[in-house]
Amino acid sequence: MEKPEQPVRRPWIVGVSGASGTPYAASVIRALLAAGESVDLVVSRAARLTILDETGIAFRDAHWRADLAQWLGTAADDLEDVRYWPAGDFAAGPSSGSYPAKGMLVVPATTGAVAGIALGLSKDLLQRVASVTLKERRPLVVCVREAPLNGVTLKHLVELDAQGAVVLPASPGFYAGGSTVRELVDFVAGRVLDAVGVPHTLYRRWEGELGGAARAAERPA
């Protein structure tokens, strides 16, 4: 008796570059897993330094599962749907268009990553996977985190938009009633997921009535 074919795993690829804002990436990853999605993770070399600086957690290739669990605040056993690819591995699965992926979310994105993706430089695996995502016409969201933006970066962002990417600045909205850093982080993460149609409950949505944020703040937790 033949065994039934296993469904093809089609993950969302999350690329974490070295920009400040690693909590955005953590929120996105947690929400993807909560939605039942598989995740392929690429962390740039610069992002490791940022994670260490912002969280005190060292992200190491050989111990990535334990380090990721600590970063996300979860158990390592909860990360069975996560696959990690080192940033220098150009032979990694997602570096090929034949690798089955749903799309890519670059959260946060440095201006250097923005430039590399827009110009197709493929300086590391993160940029290579983003280029593959564009050429395969898969969804690509670039959550740029920088201020102010100069003319060169603005041109690169316009180029990414022209190539079909969603340019999503890390700009939290306050109409959702967020009053803590975590709530504002989750708002941005939620907008990233909105851009690719992944369901979540990270923030209160606009319902067409003024004063909703104030009423939400008044409700007991």
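Just so you know, residue 1 is the first one in the sequence shown, and it goes up from there. Here the structure is a predicted model, which means the values were calculated and not measured.
By the side-chain hydrogen bond (donor to acceptor under 3.5 Å, both in side chains) test, Ser20 is found to be paired with Glu54, residues two or more places apart in sequence or in another chain being considered. Every residue two or more places apart in sequence or in another chain that forms a side-chain hydrogen bond (donor to acceptor under 3.5 Å, both in side chains) with Ser96 is listed here: Ser98. The side-chain hydrogen bond (donor to acceptor under 3.5 Å, both in side chains) search around Thr110 returns none, not counting sequence neighbours. Applying the side-chain hydrogen bond (donor to acceptor under 3.5 Å, both in side chains) test to Thr55 and every residue at least two apart in sequence or in another chain returns nothing.
Using a 4.5 Å cut-off on side-chain heavy atoms (C-beta onward), Val188 and Ser171 make no contact.
Between the side chains of Thr50 and Asp53, no donor-acceptor pair is found at a separation under 3.5 Å.
Hydrophobic cluster membership of Phe90, counting Ile, Leu, Val, Met, Phe, Trp and Tyr whose side-chain heavy atoms lie under 4.5 Å apart directly or via other members: none, as it forms a cluster of its own. Taking a 4.5 Å side-chain heavy-atom cut-off between Ile, Leu, Val, Met, Phe, Trp and Tyr, the cluster of Leu121 extends to Leu119. Val142 belongs to a hydrophobic cluster whose other members, connected by ILVMFWY side-chain contacts under 4.5 Å either directly or through intermediates, are Ile13, Val42, Trp85, Tyr99, Met104, Val106, Val114, Ile117, Leu125, Leu126, Val129, Leu134, Leu140, Val144, Leu149, Leu154, Leu157, Leu160, Val167.
Atom NE2 of residue His156 and atom CG of residue Asn150 lie 9.0 Å apart, to the nearest 0.5 angstrom.
The list of side-chain hydrogen bond (donor to acceptor under 3.5 Å, both in side chains) pairs with a residue in residues 120-146, not counting sequence neighbours, is empty. Residue pairs that meet the ring-ring contact (aromatic ring centres under 6.0 Å, His included) test with at least one member in residues 20-61, sequence neighbours left out, are Phe59-Tyr84. Counting only residues at least two apart or on different chains, the salt bridge (Lys or Arg N to Asp or Glu O under 4.0 Å) pairs with a member in residues 25-50 are Arg9-Asp40, Glu37-Lys102, Arg48-Asp61. The salt bridge (Lys or Arg N to Asp or Glu O under 4.0 Å) contacts involving residues 159-179 comprise nothing, where partners must be two or more places apart or lie in separate chains.
The ring of Phe187 has its center closer than 6.0 angstrom to the ring center of Tyr175.
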Between side-chain atoms of residues 69-81 and protein atoms elsewhere (two or more places apart, or another chain), which donor-acceptor pairs fall under 3.5 Å?
from  : atom 1 : to    : atom 2 : distance (Å)
Thr74 : OG1    : Asp78 : OD2    : 2.9

